[in-house]
Amino acid sequence: VYAWGSNEHGQLGDGNWNYYHVGYYFNSRWISGHPNYDRMSPKVVKVNDSTALTNVIGIAAGGAHALAVTSDGKVYSWGLNDFGQLGINDGRSWSWVDGYHRDVTVNGYLRTYAQQVVGVYNDGTLKDIIAVAAGANHSVALRKDGAVFTWGDNSYGQLGNTASGLTGRTVLPVQVAAGEYNPDANYIEQVTRIAAGDGHTLALTRFGQIFAWGDNRYGQLGSAATLN
């Protein structure tokens, strides 16, 4: 996998991030920053300093994070993690220290290398995934049996899990509820394609039906109402 562009939050997965941007103001004085790690040409995404992420069959780019699924059904994520959108059971916010960014790669704010997404109950890793999608601050994964999993920001209900409600976030994957797909079932199934917008999510079933959930302020769910 190769990535290029902004690397403000480690979303290129090459081990770097613009932790001081180009500089910053402190006490009304401009302080020169560390090197700018934005890239205008492709850089290899890595799992550590010496090992590239390989065997990838699908990728997705979010607001400032990225996802990849490998041929053995595992999901990797890197970049911004302030809403738990990396699915690594962590998602603490960054803080400021004396007017500049604290080095927060160690406490959940971001990851500059690809990390494996954990399981639903933090029981190992997410398995048997065949596709991924990314919203601004949430992530979506499709399992080979047609089940759908989401994690990250849930401000508009874009995770599609009724237990999570319409607020907050989850740092672990949750399974998407059935909703109107089948009122008698617990979870949506038979899904063949997934997609994610800024704050909403879509699923296509093998029966040709499309289901949508999340932000609906502009009618992006395709329903008559404009409720999230």
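Small disclaimer: the values here were computed from a predicted structure and weren't measured. The figures here come from the full heavy-atom set of this structure, side chains too, leaving out hydrogens, waters and symmetry mates. Counting from 1, the numbers follow the sequence of the chain as shown.
There is no side-chain donor-acceptor pair under 3.5 Å between S77 and H65.
Judged as a salt bridge (Lys or Arg N to Asp or Glu O under 4.0 Å), and not counting sequence neighbours, D49 has no contacts. Considering only residues two or more places apart in sequence or on other chains, R217 meets the salt bridge (Lys or Arg N to Asp or Glu O under 4.0 Å) condition with D215.
Contact annotation: the side chain of K74 approaches that of Q116 to within less than 4.5 Å [non-hydrogen atoms, C-beta and beyond]. Under the 4.5 Å side-chain criterion, counting only non-hydrogen atoms from C-beta, V132 is not in contact with V140.
Under the side-chain hydrogen bond (donor to acceptor under 3.5 Å, both in side chains) test applied with H138, the options N154, D153, T201 reduce to a single match, T201. Checking each of R39, R111, K46 against D14 for a salt bridge (charged side-chain N to carboxylate O under 4.0 Å, His left out) leaves exactly one that passes, namely R39.
Judged purely by atom type and a 3.5 angstrom limit, W78 uses its side chain to pair as donor or acceptor with the backbone of Q11.
A side chain to side chain donor-acceptor pair (under 3.5 Å) check over residues 186-199, counting only residues at least two apart or in different chains, returns the pairs Q190-R206.
Scanning all heavy atoms of the two residues, the minimum distance from L53 to A114 falls at CD2-CB, 4.1 Å.
Within 6.0 Å of CD1 on I59 lie no more than 12 heavy atoms contributed by other residues, nucleotides or ligands. Annotation for I210: atom CD1 does not count as buried by contact number, only 12 or fewer foreign heavy atoms lying within 6.0 Å.
If you take CD1 on I129 and CD1 on I194, they are separated by 8.0 Å, rounding to the nearest 0.5 Å.
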